[in-house]
Amino acid sequence: MAVWLRSHLRRVSVRPTTVRRLTQAVLQQAGYPSVNLSLTFVGKTRMRRLNGTYRQRDYATDVLAFPMQDALQSSLAFVGDVVICIPVALAQASRFDNTADEEILRLLIHGTLHLLGYDHETTDREAKRMKRKERAIFGRLSPAPRLLA
């Protein structure tokens, strides 16, 4: 399993080895230990542009997921890309009573589950299913290790 990690941040540094290990743990807990994904950390400007281009929403959101179609057909598949906006994550951490690292973990779990076929925007039943899975994984992996340097 491979995690391709990129950071487009100037003011914040991430701990790449820790982030990769945590992403691998999320995939393991989700039941897909062999799939591959890319994870990118961005600032508000880039996230606003991505959200506008792909979702027609003119604001910086916390996380976006870009799943590959039918990627789960192979156990070694590249399932897609997760993009996390660190400034938004840091700003909303206290709202969810999380540390900064726990909020990044929460967003990583959320985005990864989207890549694995979960979609809270389709039905209430699916939203509840996704929320249960998120909470279960978060509970097993928190407190999150220090992800930002």
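Since the structure is predicted, the reported quantities are computational estimates derived from the model, not experimental observations.
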Visitor: Atom CZ in R129, atom NE2 in H120: separation rounded to 0.5 Å?
Guide: 13.0 Å
Visitor: Over 60° means perpendicular and under 30° means parallel, so classify the ring planes of F66 and Y54, tilted if in between.
Guide: perpendicular
Visitor: Roughly how far, to the nearest 0.5 Å, is the CZ atom of R135 from the OG atom of S142?
Guide: 12.5 Å
Visitor: Flag yes if F138 and M130 sit in one hydrophobic cluster, no otherwise; membership is Ile, Leu, Val, Met, Phe, Trp, Tyr, and two members link when side-chain heavy atoms are under 4.5 Å apart.
Guide: yes
Visitor: If I compare all heavy atoms of M47 with all of C85, which pair ends up nearest, and what's the gap?
Guide: CE-N, 3.6 Å
Visitor: side-chain hydrogen bond (donor to acceptor under 3.5 Å, both in side chains), that's the test. Do Q24 and R21 meet it? Break it down for me.
Guide: CA-CA 5 Å; Q24 291 169 343; R21 283 188 192 137; over 6 Å; no
Visitor: Is there a path of hydrophobic side-chain contacts, each under 4.5 Å between heavy atoms of I, L, V, M, F, W or Y residues, that connects L5 with V83?
Guide: no
Visitor: Are I137 and V3 linked, directly or through intermediate hydrophobic residues, by side-chain heavy-atom contacts shorter than 4.5 Å (ILVMFWY only)?
Guide: yes
Visitor: Mark yes or no for whether S94, through its side chain, and D97, through its backbone, hold a donor-acceptor pair below 3.5 Å.
Guide: no
Visitor: Search all heavy atoms of E121 against all heavy atoms of R55 and return the closest pair with its distance.
Guide: OE2-NH2, 3.2 Å
Visitor: Can any side-chain N or O of E134 pair as donor or acceptor with the backbone N or O of K131 at less than 3.5 Å?
Guide: no
Visitor: Nearest 0.5 Å, please: how far is CZ in R49 from CG in D58?
Guide: 12.0 Å
Visitor: Looking at R132 and E126, is any side-chain nitrogen of the basic one under 4.0 Å from a carboxylate oxygen of the acidic one?
Guide: no
Visitor: Answer yes or no: is there a donor N or O on one side and an acceptor on the other, between the side chain of D62 and the main chain of A89, under 3.5 Å?
Guide: no
Visitor: L108 and side chain to side chain contact (heavy atoms under 4.5 Å, CB included): which single residue from V26, L141, L113, V63 fits?
Guide: V26
Visitor: Between OG of S13 and CD1 of I86, what distance do you get to the nearest 0.5 Å?
Guide: 11.0 Å
Visitor: Under 4.5 Å between side-chain heavy atoms, hopping through other hydrophobics if needed: is there a path connecting L37 to L64?
Guide: no
Visitor: To the nearest 0.5 Å, how far apart are CD in E103 and CD1 in I84?
Guide: 9.5 Å
Visitor: Show your reasoning for whether side-chain contact (heavy atoms from CB on, under 4.5 Å) applies to V82 and T40.
Guide: CA-CA 6 Å; V82 174; T40 305; over 6 Å; no
Visitor: Please lay out, stage by stage, how W4 and D81 fare under the test side-chain contact (heavy atoms from CB on, under 4.5 Å).
Guide: CA-CA 9 Å; W4 290 277; D81 306 288; over 6 Å; no
Visitor: Does V42 share a hydrophobic cluster with V88, counting links as ILVMFWY side-chain heavy atoms below 4.5 Å and allowing steps through other members?
Guide: no
Visitor: Indicate yes or no: at least one non-hydrogen side-chain atom of Q92 is less than 4.5 angstrom from one of L107.
Guide: yes
Visitor: For residues A93 and T99, report the shortest heavy-atom separation together with the two atoms involved.
Guide: CB-O, 3.8 Å
Visitor: Can you tell me how far apart CG (L90) and CD1 (I104) are? Round to the nearest 0.5 Å.
Guide: 5.5 Å
Visitor: Mind running side-chain contact (heavy atoms from CB on, under 4.5 Å) on V14 and L147 for me, showing each step along the way?
Guide: CA-CA 6 Å; V14 298; L147 302 172; over 6 Å; no
Visitor: Taking all heavy atoms of L148 and all of D101, pick out the closest pair and write down the distance.
Guide: N-OD1, 3.7 Å
Visitor: Using every non-hydrogen atom in the two residues, find where L9 and G43 come nearest and quote the distance to one decimal.
Guide: CD2-N, 3.6 Å
Visitor: Please determine whether side-chain hydrogen bond (donor to acceptor under 3.5 Å, both in side chains) holds for the pair T61 and N51, giving the CA-CA distance in whole Å, both sets of side-chain angles, and the decisive distance to 0.1 Å.
Guide: CA-CA 7 Å; T61 190; N51 204 25; 4.7 Å; no
Visitor: Has the side chain of T122 got a donor or acceptor atom that lies under 3.5 Å from a matching backbone atom of D119?
Guide: yes
Visitor: Using side-chain contact (heavy atoms from CB on, under 4.5 Å), reason through N36 and V79 one step at a time and then give a plain yes or no.
Guide: CA-CA 6 Å; N36 304 297; V79 293; over 6 Å; no
Visitor: May I ask you to establish whether R6 and F41 are in a cation-pi arrangement, using a distance under 6.0 Å from NZ or CZ to the six-membered ring centre and at most 45° from the ring axis?
Guide: no
Visitor: For L116 and A30, which heavy atoms make the closest approach, and how far apart are they?
Guide: CD1-CB, 3.6 Å
Visitor: Cation-pi check, R48 to Y59: give yes when NZ or CZ is under 6.0 Å from the six-membered ring centre and within 45° of the ring axis, no otherwise.
Guide: no
